[in-house]
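A short write-up of the structure that comes next.
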2 protein chains.
Amino acid sequence: MLQLTQVRCFVAVAEECHFGRAAARLNMTQPPLSRQVQLLEHELGVELLERTSRSVRLTQAGTVFLPEARRLLRSTEDAVQAARRAGRGALGQIAIGFTPSNSYDFLPRLISALRADYPDVELMLEEMITRDQLAALASHRIDLAFMRPPFEAAGIRSRRVLAERMVAALPADHPLAARDALTPADLEGQELIMYSILGSGYFHDIVHRLLVSANIRPRLVHHLTQIHAVLSMVKTGVGMALIPESASRLGIGNVICRPLAFGEEIAVELFMAHRADDASLVLENVMAVAAKIAETGRPSTPSIP
Amino acid sequence: MLQLTQVRCFVAVAEECHFGRAAARLNMTQPPLSRQVQLLEHELGVELLERTSRSVRLTQAGTVFLPEARRLLRSTEDAVQAARRAGRGALGQIAIGFTPSNSYDFLPRLISALRADYPDVELMLEEMITRDQLAALASHRIDLAFMRPPFEAAGIRSRRVLAERMVAALPADHPLAARDALTPADLEGQELIMYSILGSGYFHDIVHRLLVSANIRPRLVHHLTQIHAVLSMVKTGVGMALIPESASRLGIGNVICRPLAFGEEIAVELFMAHRADDASLVLENVMAVAAKIAETGRPSTPSIP
DNA sequence: ATGGATTGAGACAGGATTGGTATCGATGCT
DNA sequence: AGCATCGATACCAATCCTGTCTCAATCCAT
């Protein structure tokens, strides 16, 4: 069978037009080099070089074969490099699931960081709710899930990547917009836009716990799922809303965010989860980047924009 | 260094997902196959297969490497085939020189025959006169020349490919167009369009010898180089002309060709010439096709269209 | 013209590599 | 629990590859 060493030998001789120099370049002596080229020619059944005992010249067949041979060696090197990079987890693909609310801040930052650090890792992104992500992990539909607590599933390992406070989103002309932070008394009786218990159960529960912990009963209006829909409501003056601090960076005009002076213990948490038996280095690298972003990306305590 | 056998082994195992079956497919036993794959993995520094002693699965790196490996094997096969075809003279390139008058009939037939028999031989065609072709052969500018006698040059080998009669080209309404063949007496005193002694010296000489041999003195008008220009003159009724029989197939309307009843010994000859030391198989094949065309292509004796 | 230098090929020995046989350890199924 | 299957390992024989030495052919210089 054709040997790559033979091809390498031929290319060297063809480029040097001299067996001795080619042998030196290949760190070998001339006789075995001659033999390798002979073997190649015999294998092909074609004379590639015309030896005149004083000079070496390519035959027509050699002229045809030389670029093919070069391409072959280059392809080989490429294949080796690809395998090595894949082995390091710098090349490959990963399917990532994420909850809708992550698409506003965390996910874009993760994606751009991955593009920078691992440009050859192909990302397949899929928006789904926490419960679906657990099933998708188990069925290998996704390899990594960014989701909300609580969850529990066998064979799934998870770690918290983000914890942030809820902030109040107010119309710019709202009286409370002048305050630095809002107290429970501020919210009492206010029009508060609420999350749907079905589509956004996690945020529904967070807000509910916040209200209960502070023992306040605002007037709850609407029940929406998407945070940007909630913010649109706020913008048009329907009322105020409680949103995760990161969502305040959505940059919707006419909306002012203010921290809450209560319920510090109630945080919005984001977990990433993967199959416990998944030893993929791509996964490992992606999770490392996600962890790095979570640490250094933005402060997780509320800030006043 | 990376071995193609290792790549082949890996592809077989990856496709079968089973060392035993892969070994059978490769006509070898399982242990050395395992070893080859291990060597490949060690060479790459990457684990390509995940062996669970009950099943074999590709790792992510293996998934990346498999298509690369397949491509590599395919490229190898392609390179081998290309070299073999080049060795047979079925792949390569050849530069061919030809005289202007060959472009009308012989060259088109040669080209189409070559396209059919040797589709991967690249033709580089260049029109030039006989004297220039000898120089171009010597300087390797062309490899094969189709040209007119007489010529002589050291290191050039030639053979005659065509010999054809001259025929008379007449306007369709010419009185002589009714004849089957023209005698010397028919031509006496006729308006005869002549070739330039400079640009078409060969045809000038042929016509001159024909007239001398038959001892006729027509009225010579014009001195043109290109046969199609001559025929245009004939078409518009300027006079008659003597043209090589093959040129009568140019298919110019309003022109009738008639054989000559004299000067049988004076033929238009076409030679092909090449460097005597050129051992190219492409050249050999092209010359064989040219010879075949010359023999079987068309009758070389005048015929009445 | 003739001797020296250079070039590629051939002969041969030693060592590495490859493929085969026998066997082991692990895992899944009955 | 025992058997079958599968991949890995150990070991051996054959082959192949490489390096040294050498030769034939050619070119160049004297």
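Lettering of chains follows the sequences in order, A, B, ..., and the numbering in each one begins at 1.
- A salt bridge is defined here as a Lys NZ or Arg NE, NH1 or NH2 lying under 4.0 Å from an Asp or Glu carboxylate O, and A/R71 with A/E68 meets this definition.
- Inter-residue side-chain proximity for A/L270 and A/R148 is flagged as met; some heavy-atom pair is nearer than 4.5 Å.
- Counting to the nearest Å, the C1' atom of C/dG10 and the CD atom of A/Q30 are 10 Å from each other.
- A/R57 has its CZ atom 16 Å from the C1' atom of C/dT7, to the nearest Å.
- One interatomic measurement links the two molecules: NE2 of B/H42 to C1' of D/dA8, which rounds to 16 Å at whole-angstrom precision.
- The nearest whole Å value for the distance from the CG atom in B/L4 to the C1' atom in C/dT18 is 16 Å.
- Taking 4.0 angstrom as the limit, A/Q38 places a side-chain polar atom (N or O) nearer than this to OP1 or OP2 of C/dG10.
- B/C9 approaches B/Q36 most closely through the heavy-atom pair SG-CB, 3.8 Å.
- For an aromatic pair to be called close, the ring centres must be under 6.0 Å apart, and A/F98 with A/F106 fails this.
- Side-chain atoms of A/L49 and A/L58, non-hydrogen and from C-beta on, do get closer than 4.5 Å to each other.
- Residues A/V56 and B/Q6 both approach DNA chain C. Their nearest nucleotides, taken by heavy-atom distance, put A/V56 toward the 5′ side.
- Spacing between atom CG of B/L26 and atom P of C/dG20 amounts to 10 Å, rounded to whole angstrom units.
- DNA chain C is contacted by no residue of residues 11-25 of chain B, taking any non-hydrogen atom closer than 4.0 Å.
- A ring-centre distance under 6.0 Å is found for B/F10 and B/F65.
- Counting only heavy atoms from C-beta on, A/M28 has its side chain closest to D/dT18 among C/dT21, D/dT18, C/dA9.
- Here A/L49 lies out of heavy-atom contact (under 4.0 Å) with every strand.
- For the residue pair A/N102/A/T99, the side-chain donor-acceptor check at 3.5 Å is satisfied.
- Listed nucleotides: C/dG19, C/dG10, D/dG19. Nearest to the side chain of B/R35: C/dG19.
- Straight-line distance from the CG atom of B/L33 to the P atom of C/dT21: 14 Å, rounded to whole Å.
- Among the atoms of the strands shown, only primed sugar atoms or phosphate atoms (P, OP1, OP2) are found under 4.0 Å from some heavy atom of B/Q36.
- Contact between the side-chain N/O atoms of A/S34 and the OP1/OP2 oxygens of C/dA9 is found at a separation under 4.0 Å.
- For A/L39, the side-chain atoms get nearest to D/dC17 when compared with the rest of C/dG19, D/dG19, D/dC17.
- For the pair B/R51 and D/dC6, the criterion of a side-chain N or O lying under 4.0 Å from OP1 or OP2 is not met.
- Atom CD in B/E50 sits about 13 Å away from atom P in D/dG7, given to the nearest Å.
- D/dT15 atom P lies 17 Å from atom CD of A/Q3, rounded to whole Å.
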